[in-house]
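One structure is given here, and the rest of the page talks about it.
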There are 2 protein chains.
Amino acid sequence: MSPVQKTPTIYDVAREAGVSITTVSRALNKPDRVNPQTRARIMEVIDTLGFVPKAEARARAMRRNGRIGVITPFFTAPSFVQRLRGVASALAHEHYELVIYPVDSVEQLQGYLASIPIVGNLDGLIIMSLAIEDQDVRRLVENAMPAVLIEYLNQELHCIVIRDEQGGYMVGEYFLRKGHRCMGFIGDIEPPERYAIHPVRLRLQGFKSVLEQAGVPLSKEYIKQAPYTPEGSRQAAYELLTMDKRPTAIFAASDIQALSVMKVARQLGLKIPEDVALIGFDDIDMADYVDLTTVRQHLDESGRLAAELLLDHLKNPKPILQHITLPLTLIERATA
Amino acid sequence: MSPVQKTPTIYDVAREAGVSITTVSRALNKPDRVNPQTRARIMEVIDTLGFVPKAEARARAMRRNGRIGVITPFFTAPSFVQRLRGVASALAHEHYELVIYPVDSVEQLQGYLASIPIVGNLDGLIIMSLAIEDQDVRRLVENAMPAVLIEYLNQELHCIVIRDEQGGYMVGEYFLRKGHRCMGFIGDIEPPERYAIHPVRLRLQGFKSVLEQAGVPLSKEYIKQAPYTPEGSRQAAYELLTMDKRPTAIFAASDIQALSVMKVARQLGLKIPEDVALIGFDDIDMADYVDLTTVRQHLDESGRLAAELLLDHLKNPKPILQHITLPLTLIERATA
DNA sequence: TGCTAAAATGAAAGTGCTTTCATTATTCTT
DNA sequence: AAGAATAATGAAAGCACTTTCATTTTAGCA
């Protein structure tokens, strides 16, 4: 037989039927303007070739599945994955496709935000943990692209946030209640990228402020800036755990960094929580596996909610702007 | 001023912004290839004119949709996420969108496989860890939809696999070398769903066969069926760890289940590896954090490779079918 | 049989967009 | 300061179809 065909075009049909593309086009669009015999022959070829006009296929495709997009940095970090899981679960039964746009530079983010609302043929957009500028928001709004932000506030869009400062506060309180007087902090206070956001700074701020109120202020040496990478966190953890006057409790601004602390502590032969207490932030799945005490921010929930907000918005485009603040809970497990 | 009523085209934008249509097109599609100032001006015009590119013309001009799809079960399980990460990294610089189709029932899978090739708004498909039937493969092939399977073999499609049996074998050998004589196994031998695949069974088989050869056969009670859920794994781990004659070494068929074992052991006051040695399978990120000895199957790599295979296939549609077997390595850490 | 109107058809000119390739402007080396 | 590399841009050639308009074929009728 003939070699494998790419999807046939009108040209293929024309050649096969021995007519011009004009006639094929007409046979399809204005059947009465072409000789019945010719038309029959053309239709036959069309059937055997399985020709489908591209535009139609597209239109059909567009109608069947809606598409919602998620813009996220490092989408494989556990916390983002859990948010995504929430999004996916909400979308699953609604016949929506899930398109992911991983961001790793400002330019990329800007590029997405500029072109997505226009060419992206998306029905809605979820933007996770990214600082988005007013002009970009404006574009979204003007192009009537429903969007919801997670972890970032904006007056013109739906938002889902938590009180990061309060989270830090809770941890500080807890440590104090347990009698700790010398504490440390590890977190990515200074995200290198302009597009990233700074919830960590707020967590630290809350943490600091309770300690201050309690009269045991957190001094500089006990605050370790650690990039959100395994090596970075380990380095910071090592510095903190080998200090002359080692802190008796550590607040890691994310669970994944807390895990690094655990690893380093193990290597140094330090016991948790006996030698150092440890509290993380996020409550990713893994936290339960390793019995990490942590501040739960409902990650799955945030994603699910974002998706539902979007779906609602799509169903009845009544722009009742929602700003949702999810609660935080300190989950007490074995490390503090 | 003229009362222009027609929907604006790229030409209008270009004229208004004082650039060529080329530059407008680029501003939308490859933002980084045009001067930021120019881009800003163009975007402004686009906004005021309310320009929306016609999807049809667009699809026509670039004879690709720029979208590749990934079908995967539980895409939020760490191992899948890592594969996805690989896919995303390979796609990132090639300007392809990543569309995710999470599967949680046979019907859904069938539905996707039935409609995707027809609707044809994907350029390629990656199918992870799913058993796909011959008739579906046929449909993909006939509709010239490039596809690559991960963790499942099929003669007509690109495949990326590992030797699961060998993996089990390696673990058995290792335990034997360390002097263990009584071992246990935990894994999801019987996935409840028809569409799921059975690599775990092969891992068990390899494990069993070495032990047999060594004269210390693995008896039934030491093989625990555990669903791929936290509770399921914990239950199985508990049973295994509280047996009268507790095994001195356990092979968990996935890292995530190994983590459950670690947790249960901790609760029971058992030391790893002194009281029980433990080896997992996959080498997910987390394995390093908790110092889990495990069999590394290059997860990221598998995704990256799959994406690259696909991209190759798209660039030059010479159907040289590739069946790639990735190597396994036993990564020795602290648990065995 | 000759002449005209109607029917059937194809060449080629759009359509709105992307992409290749060549050109010009800018920045970097040495 | 000259030359090389790089960035920014536009002209023009597609892409898969539709439409216009000119041409050929056929049918109708005196």
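Below, chain A is the first sequence line, B the second, and so on; all start at residue 1.
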Separation of [N] [atom2] from [X] [atom1] (nearest whole Å):
{"X": "Arg26(B)", "N": "dT20(C)", "atom1": "CZ", "atom2": "P", "result": "10 Å"}
{"X": "Gln37(B)", "N": "dA7(D)", "atom1": "CD", "atom2": "P", "result": "17 Å"}
{"X": "Ile10(B)", "N": "dA11(D)", "atom1": "CD1", "atom2": "P", "result": "13 Å"}
{"X": "Asn29(B)", "N": "dT9(D)", "atom1": "CG", "atom2": "P", "result": "16 Å"}
{"X": "Arg39(A)", "N": "dA8(C)", "atom1": "CZ", "atom2": "C1'", "result": "13 Å"}
{"X": "Tyr11(A)", "N": "dC17(D)", "atom1": "OH", "atom2": "C1'", "result": "7 Å"}
{"X": "Leu28(B)", "N": "dG16(C)", "atom1": "CG", "atom2": "P", "result": "16 Å"}
{"X": "Arg33(A)", "N": "dT20(D)", "atom1": "CZ", "atom2": "C1'", "result": "13 Å"}

At less than 4.0 Å, is any side-chain N or O atom of Thr9(B) found next to OP1 or OP2 of dG16(C)? Yes or no. no

message = For a quick test of reading the model: is some side-chain N or O of Thr23(A) closer than 4.0 Å to OP1 or OP2 of dG10(C)?
response = yes

Between the CG atom in Asp134(B) and the CZ atom in Arg139(B), the distance rounded to the nearest 0.5 Å is 12.5 Å

Counting distance alone, no hydrogens or angles: does the base of dA11(C) have a donor or acceptor under 3.5 Å from a partner atom on the side chain of Thr22(A)? yes

Test: Arg39(B) and Glu44(B) ion pair at under 4.0 Å
no

Side chain of [X] - closest among [options]:
{"X": "Val19(A)", "options": "dG10(C), dT9(C), dC17(D)", "result": "dG10(C)"}
{"X": "Asn35(B)", "options": "dT18(C), dT18(D), dT9(D)", "result": "dT9(D)"}
{"X": "Lys30(B)", "options": "dG10(D), dC17(C), dT19(C)", "result": "dT19(C)"}

Which of Gln82(B), Arg304(B), Met128(B) passes side-chain contact (heavy atoms from CB on, under 4.5 Å) with Val87(B)? It is Met128(B)

When the ring centroid of His158(B) is compared with that of His313(B), is the distance short of 6.0 Å? yes

- prompt: Do Leu122(A) and Ile68(A) come close enough that some side-chain heavy atom pair is under 4.5 Å?
  reply: no

By nearest-heavy-atom nucleotide on DNA chain C, the more 5' of Ile21(A) and Pro36(A) is Pro36(A)

- Task: Give one of base, sugar-phosphate or nothing for Ser25(B), where a contact means two heavy atoms less than 4.0 Å apart.
- Result: base

